[in-house]
Amino acid sequence: MKTLQKTSLLVCITILVMFGSIGIISYWPQISGFFQTSQATVAEQPGVDPFSYDPPLPSLVKDLHPVYNIQAELHTSEAKITGKMTIEFDNPGTADVRLFVYDYLWNKLAVKSIRYKDKPLAFERGLSTVKLANPLGSELRGAIAIEFENPVPRRGTRFGVKDDIWTLTTWYPMLGAQNQQGKWYDPPQRVDFGDPFVYHYADYNVSFVSPKGYNWVSSWGRGNAKAIDGSKQQIHYEGKKLLNFALIGSPLYQVETVQITPNLSVDIASVDKGNIERIKAIAGSVFPTYTDWYGPLPYPHVAIAETSTGTTYAMEYANLAVFKRDMYQRNLIDHWLPHEIAHLWWYNSVATLEASHGWLDEGLVELSVYHYLQNRYGAQSATTLLEEYSHDARRLQERYPDGKLDKPLQKFATEEEFHWTWYSRGALLFDHLRKQIGDDAYKRFLHRVQQNYHGSVIGAEHLDQALGQTLQGEASYFVTATKKSNREGMGTVQLEPYITTVINNMSYYPSISARATGGTVYFPLRELGEKMGLAISWDKEKQMIRITGNGYEVYVKERERFAIRDGKKLDLGHPLMEIKERTMVPLSFFATILEFDTQYNPDERTVKIQTRRSSGKVSETK
């Protein structure tokens with residue numbers, strides 16, 4: 001027996017929650033009208049959501065609130081970056097502190113020194129990790145100073161220079177990431193595809209020196225530039241809640257800034273003015289489309305950068321969408337630029353653990369391309385793309401039947417299995433949901449994910465919670481679907497609908513919502529019972545819960561379907577259950593055992609209870 005917890009949360013809201021059937025949603029649009037009516041009522045009261053008691057689930061990365069202060073210089077003749085930096089962060093409470101270094105095995109970033117309060121610290125450099133003894137002691141927060149040097153590969157790699165276009169990504173040491181239990185993540189092994197890095201959202205104050213005449217786009221706009229030393233320029237950036245900080249620049253770049261909305265500007269960089277016009281045409285369609293589906297992008301500046309031929313295909317970094325010039329051939333830009341722009345929402349604003357849950361952002365951004373094509377060119381073009389995804393999924397089922405969406409990046413046998421799984425099957429997973437619940441509810445779901453989890457690293461469980469809050473119930477879809485093998489279907493949304501409780505003509509929303517499940521409605525015993533004036537206690541001798549009220553003395557036991565009322569054993573019809581350590585009782589407890597006047601309307605998802613003695617019958621209205 002777990003302790004019965006006494007909680008009381010009274011929200012007096014005049015709202016009728018109307019939307020349909022209990023159990024598995026097979027076709028949501030048939031009942032979406034009722035849901036839209038309910039949402040309209042809630043919308044009249046800003047911020048009111050009677051069932052959103054559960055706070056957002058914690059990020060998969062524990063927030064140590066890091067702040068980076070970086071002073072760095074690009075030496076173009078030597079192709080290297082030299083830098084000094086401090087990282088201020090909360091004490092992780094561990095014996096060691098870890099830094100992540102995302103360099104190449106053949107091109108190592110050198111950590112020259114690490115200091116704390118001007119005292120040098122010993123450190124150990126591993127493959128992708130730098131470890132040092134935690135110097136913070138009992139302090140709640142502190143800062144370490146790092147000096148580093150990073151050679152820039154003269155190649156068209158993710159981090160490198162080719163044709164005088166400098167792609168500076170993951171170019172500095174980063175604070176390592178912990179899970180919520182305080183255990184440091186190990187940076188996943190890199191493979192030839194995908195982006196397996198684990199990042200930590202942070203604030204950045206960056207001063208970057210380069211030769212005069214270089215035009216840069218970055219994770220936080222164009223910055224503030226000033227001339228120094230005659231032939232150099234220093235640009236200062238100050239960014240908030242960034243997954244990482246990257247710069248892409250060239251003396252050949254032309255940069256044009258487009259104001260998409262009053263709160264969002266896009267810097268577009270290319271060596272060709274004509275290409276900028278082509279990029280602007282795509283951006284002009286993409287950003288309004290994605291804002292409609294996902295909500296406004298919560299950053300003031302983003303950038304699109306075109307790199308040279310023969311460079312990395314396409315990349316996403318914080319507030320940056322990057323693609324290589326080869327993509328103008330066969331009009332590949334019309335797919336992959338919208339793909340990378342969608343990563344500004346999925347990867348950038350809301351992140352995931354790429355090595356294990358990459359289906360989440362890749363699936364969403366591939367379906368984003370479908371939305372873009374539909375908006376710009378019409379249904380036929382968009383449908384053709386979905387058919388391609390379905391074709392890939394069939395080949396995946398035939399060749400890799402035992403695989404699944406949540407397969408780690410390093411476990412894929414081939415690059416085709418990787419693409420067919422995370423990109424094509426991932427896109428179909430989200431489209432399958434969209435078709436079940438309808439476009440309007442699907443948009444509300446993704447808006448909620450952005451609202452709840454901006455600046456967080458999430459997984460399938462976070463999506464299920466946001467889906468449940470959108471549909472006003474306990475939802476299960478993503479966690480189940482991502483564990484299914486490729487030979488299986490996606491499955492359907494399972495929903496235990498939340499029920500509005502009306503006590504003596506006043507709506508009441510307990511902290512653990514009443515819900516329809518197992519053929520009845522369940523209520524939190526203590527919270528609802530005490531609201532109705534019942535006395536509830538634990539009888540140590542009987543090892544049962546004692547309830548008195550409405551002239552009766554009743555004993556019940558967890559997980560049993562019988563109650564003892566005034567010494568007589570009565571069948572509840574359904575067993576007691578436990579949700580989040582709260583004892584839940586079926587509707588029959590209040591109707592049959594305590595004989596309150598009770599009316600249940602499954603269509604309107606309401607239960608009305610009058611706290612007076614009655615015939616004890618439950619009336620059901622439709």
Side-chain angles (χ1 to χ4, degrees), residues 2-3 5 53-68 87-102 123-124 126-144 173-190 195-203 241-244 347 350-361 404-411 449 452-466 468-469 474 476 478-480 482-483 511-512 578-582:
K2 294 182 179 175
T3 304
Q5 302 176 1
Y53 296 114
D54 290 338
L57 296 175
S59 171
L60 297 177
V61 169
K62 183 180 179 181
D63 192 358
L64 298 178
H65 304 98
V67 176
Y68 290 81
I87 311 176
E88 183 182 347
F89 53 94
D90 296 343
N91 192 333
T94 50
D96 65 344
V97 170
R98 301 189 185 184
L99 306 176
F100 290 166
V101 181
Y102 296 130
F123 59 90
E124 176 187 351
L127 192 64
S128 299
T129 307
V130 174
K131 297 180 182 180
L132 58 145
N134 187 347
L136 272 58
S138 60
E139 296 185 36
L140 297 178
R141 190 169 172 83
I144 57 175
M174 301 181 184
L175 180 65
Q178 294 179 310
N179 63 21
Q180 288 296 334
Q181 290 70 48
K183 181 180 179 182
W184 293 103
Y185 284 104
D186 290 322
Q189 177 188 353
R190 294 178 68 167
D195 181 357
F197 307 144
V198 182
Y199 294 114
H200 198 146
Y201 281 94
D203 294 342
K241 207 178 240 186
L242 293 173
L243 197 60
N244 47 64
Y347 160 90
V350 178
T352 191
L353 296 178
E354 292 293 336
S356 50
H357 309 318
W359 57 267
L360 195 157
D361 63 322
K404 57 185 180 181
L405 276 169
D406 244 2
K407 190 172 186 176
L409 177 66
Q410 293 78 11
K411 299 295 184 181
V449 175
N452 287 357
Y453 295 114
H454 168 54
S456 293
V457 181
I458 69 171
E461 64 274 23
H462 298 74
L463 296 180
D464 274 346
Q465 188 202 49
Q469 290 179 341
E474 193 80 24
S476 174
F478 290 99
V479 171
T480 302
T482 56
K483 305 302 180 186
S511 58
I512 300 296
E578 187 178 281
I579 297 177
K580 298 179 181 178
E581 299 187 348
R582 308 292 175 84

In chain order, what residues pass the side-chain contact (heavy atoms from CB on, under 4.5 Å) check against [X], with sequence neighbours excluded?
X	answer
Asp186	Arg98
Leu127	Leu105
Gln410	Pro188, Gln189, Val191, Pro196, Ala355, Pro408

Looking at every non-hydrogen atom in both residues, tell me the closest pair between [X] and [Y] and how far apart they are.
X	Y	result
Gly455	Tyr201	O-CD1, 3.1 Å
Val61	Leu353	CG2-CD2, 4.4 Å
Pro66	Ile87	CB-CG2, 4.4 Å

Are any side-chain N or O atoms of [X] and backbone N or O atoms of [Y], one a donor and one an acceptor, separated by less than 3.5 Å?
X	Y	value
Thr129	Gly126	no
Tyr102	Met174	no
Thr482	Leu405	no
His200	Leu64	yes
Asn134	Thr94	yes

Under the side-chain hydrogen bond (donor to acceptor under 3.5 Å, both in side chains) test, residues paired with [X] that sit two or more places apart:
X	result
Asp90	His65, Arg141
Asp203	none
Glu139	Tyr116, Lys117
Ser476	Thr480

If the condition is salt bridge (charged side-chain N to carboxylate O under 4.0 Å, His left out), which residues does [X] pass it with, not counting sequence neighbours?
X	answer
Glu124	none
Lys483	Asp406
Lys404	none

message = Could you work out, with ring pair (Phe, Tyr, Trp, His ring centres under 6.0 Å) as the rule, every residue matching His462, not counting sequence neighbours?
response =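 For His462 the ring pair (Phe, Tyr, Trp, His ring centres under 6.0 Å) partners, ignoring immediate neighbours, are Tyr453.
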
query = Among all residues two or more places apart in sequence or in another chain, which pass the ring pair (Phe, Tyr, Trp, His ring centres under 6.0 Å) test with Phe89?
reply = none

task = Please determine, by modelled atom types, if Trp184 and Asn179 share a side-chain donor-acceptor pair under 3.5 angstrom.
result = no

